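Remarks on the structure that follows.
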There are 2 protein chains.
Amino acid sequence: MDISPNAIPDVVVRRLPIYARSLSYLAEEGVRSVSSQELGERIGVTAAQIRKDLSYFGEFGKQGIGYNVEYLLGHIRRILGLHEVWPVVLVGVGPLGQAIARYEGFRTRGIDIIGVFDNDTSKIGLQLGRNTVQPDSDLPKILQEHNIRLAIVAVPAVRAQEVVDVLVQNGVQGILNYAPIVVQTPDNVWVRHIDPVALLHSMTYYLSREDEHHAMNEH
Amino acid sequence: MDISPNAIPDVVVRRLPIYARSLSYLAEEGVRSVSSQELGERIGVTAAQIRKDLSYFGEFGKQGIGYNVEYLLGHIRRILGLHEVWPVVLVGVGPLGQAIARYEGFRTRGIDIIGVFDNDTSKIGLQLGRNTVQPDSDLPKILQEHNIRLAIVAVPAVRAQEVVDVLVQNGVQGILNYAPIVVQTPDNVWVRHIDPVALLHSMTYYLSREDEHHAMNEH
DNA sequence: ATGTGTGAATTACTTCACAGCG
DNA sequence: CGCTGTGAAGTAATTCACACAT
């Protein structure tokens, strides 16, 4: 999915959920008010960054005071569309899919897994949290009946593209992809990718460099 | 962890593992040679981007031909430090931790989970793939004995910071954090973060906007 | 012909720095 | 005073476009 010019930069959109997350912790701690400085320290972002990001959406702070935690949190939630609960489906019920299906953190943050699917017949009927595993063949029906726009894909890489095709054909516009492959989608569909191995590899890069530096210093 | 000036940009480093992943699929498919154009189409990146990224590290292609898949893959692997296997520990053996411990995709890509830890005594001794769950109290010993530099954290948010502190105190320099919280670390430690809910929220943002546009068009 | 490698141009993102408000 | 909101300045990342090698 592309960004249209003059739109809010995607980097900013990706930070908003982090702000929301941190603000909800602050709210739980009973903190009433927070400055961009304080919030930034928690998140590892500069104060200016936070103020600039928020300024795309309005004026939420008070000069000399900072931001009211509940107020700002409410606004960010609404900006993200989280005043509604988003029904999603999960496809793929290997160990990872099962962990996702059981994780409480989705529902508490506005994401409701309303259906769980697998093509392995031996898994059909398995109970996972509030969901019962259904066959992939039921996907189109459920997607359309519930007007599902978001999906989580946790199938092996070889199956990911076909699953994504079915999802997209049936109206899904946002996909969280755990399979280690870049899936092809029409450009009105958003895809976000989780590849823990790739993230680890980006760190082995730096750790290897450190070795070299140390070796150099020994000369 | 900060980037020193003149260093390779972090965005570039983060793309390398994606290139490597795609190249290894190409190699499996028996493809010998690939152009930046073809590779870019697979990955969803421009050809110029790929050529520019690679140029930070050397000249790996042949004009008029493209890149030899095996050759380039070998180079990227080496750049990422993947000519060695990286031993890592996993802390936290809830459903997610168990899925991580059982996932084969780490070992096949140069990441070897050599120890799995939890503070829940009822889980100690549980067999997960090749690992047996050990108590958190054994962490320092194992980290030091094996000279562990990378760790995966899959504990609840409330425990993440204390676990990270122990890891860092015992020499860990790179952390893959699944807990939905930004952990504080000294600036010689790398942290990469996985928050599926935040990724979904960044998509609900765009999907909500689409609604509005449609509503506007109806006027 | 074809496709790399790369300076130059462009676009995007972040930080600065300060007016102005509570 | 303290801290926001924001143009302007400064960096960083991407894309262009073409010389050049095969």
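Note: hydrogens, waters and symmetry copies are ignored here, and every other heavy atom, side chains too, is used. Keep in mind it's a predicted model, so treat the numbers as computed, not measured. To find a chain, count down the sequence lines: A is the first, B the second, and so on, and within it residues start at 1.
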For nucleotides 7-10 of chain C, which of its nitrogen or oxygen atoms have a protein nitrogen or oxygen under 3.5 Å away, and what is each distance?
unit_1 : atom_1 : unit_2  : atom_2 : d
C:dG7  : N7     : B:Lys52 : NZ     : 3.2

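Taken over five-pair windows at either terminus, the axes of the helix from C:dA1-D:dT22 to C:dG22-D:dC1 are inclined to one another by 10° (rounded to 10 degrees).
The minimum heavy-atom distance between B:Ser24 and B:Leu73, with the atom names listed, is CA-CD2, 3.8 Å. Here the shortest heavy-atom pairing between A:Ala101 and A:Ile113 reads CA-CD1, 4.4 Å. Shown here for B:Gly92 and B:Val155, the closest heavy-atom pair between the two residues is CA-CG1, 3.6 Å. Heavy-atom minimum distance, B:Ala160 versus B:Ile181: CB-CG2, 3.8 Å. Contact detail for B:Tyr103 and A:Pro180: the closest heavy-atom pair is OH-CG, 3.9 Å. Closest of all the heavy-atom pairs between A:Ile148 and A:Val88 is CG2-CA, 4.2 Å.
First and last contacts of DNA chain D with chain A, using any nucleotide atom under 4.0 Å from a protein heavy atom and ordered 5' to 3', fall at D:dG2 to D:dA8.
Between A:Asp53 atom CG and C:dC13 atom P the separation is 11 Å, expressed in whole Å. In this entry the distance linking OH of B:Tyr56 with P of C:dT4 reads 18 Å, nearest Å. Separating the CD1 atom of A:Ile50 from the P atom of C:dC16 is a distance of 14 Å, rounded to the nearest angstrom. Distance, B:Gln49 CD to C:dG5 C1': 15 Å, rounded to whole Å. C:dT4 atom P lies 9 Å from atom CD of B:Gln63, rounded to whole Å. Atom-to-atom, CZ of A:Arg51 to C1' of C:dC18 comes out at 11 Å; the value is rounded to the nearest Å. Rounded to an integer number of Å, the gap from CD1 of B:Ile65 to P of C:dT4 is 10 Å. Distance, B:Leu54 CG to C:dT6 P: 11 Å, rounded to whole Å.
Toward the 5′ end of DNA chain C lies the nearest nucleotide of A:Thr46, the other residue of the pair A:Gly64 and A:Thr46 mapping further downstream. Each of A:Ala48 and B:Gly58 lies near DNA chain C, and the nucleotide nearest B:Gly58 is the one positioned closer to the 5' end.
Here salt bridge (charged side-chain N to carboxylate O under 4.0 Å, His left out) pairs that include residues 11-34 of chain B, with residues two or more places apart or in two chains, are A:Asp195-B:Arg21, B:Asp10-B:Arg14, B:Arg15-B:Asp53, B:Glu29-B:Arg42.
Listed by chain and number, the residues in a side-chain hydrogen bond (donor to acceptor under 3.5 Å, both in side chains) with A:Gln161 are A:Asp165 (sequence neighbours excluded). With sequence neighbours left out, A:Phe57 forms a ring-ring contact (aromatic ring centres under 6.0 Å, His included) with no residue at all. Residues passing the salt bridge (charged side-chain N to carboxylate O under 4.0 Å, His left out) test with A:Glu162 are A:Arg159, sequence neighbours excluded. Listed by chain and number, the residues in a salt bridge (charged side-chain N to carboxylate O under 4.0 Å, His left out) with B:Glu104 are B:Arg107 (sequence neighbours excluded). Remark: B:Pro196 pairs with A:Phe106, A:Leu176, A:Tyr178, A:Ile194, B:Ile194 by the side-chain contact (heavy atoms from CB on, under 4.5 Å) rule, at least two apart or across chains.
The shortest distance between side-chain heavy atoms of B:Val85 and B:Ile111 does not fall below 4.5 Å. Put simply, the side chain of A:Leu16 reaches to within 4.5 Å of the side chain of A:Ile79, judged on heavy atoms. Residues A:Val89 and A:Leu139 have side chains in contact (heavy-atom distance under 4.5 Å, counting atoms from C-beta outward). Residues A:Tyr206 and B:Val13 are in side-chain contact: their nearest non-hydrogen atoms beyond the backbone lie under 4.5 Å apart.
Listed in residue order, the members of residues 29-45 of chain A having a heavy atom less than 4.0 Å from DNA chain D are A:Ser35, A:Ser36. For residues 15-26 of chain A, proximity to DNA chain D is found at no residue, defined as any non-hydrogen atom under 4.0 angstrom from a strand atom. Of the residues in residues 69-78 of chain A, none lies under 4.0 Å from DNA chain D by heavy-atom distance.
Checking B:His75 against B:Tyr71 by side-chain atom types alone, a donor-acceptor pair falls below 3.5 Å.
A donor-acceptor pair is defined here as one N or O able to donate and one able to accept, closer than 3.5 Å; such a pair exists between the side chain of A:Glu38 and the backbone of A:Ser35.
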In sequence, state the C-alpha distance, the side-chain angles, and the governing distance for A:Tyr205 and B:Ile8, and then conclude on side chain to side chain contact (heavy atoms under 4.5 Å, CB included). CA-CA 11 Å; A:Tyr205 169 82; B:Ile8 314 285; 3.2 Å; yes

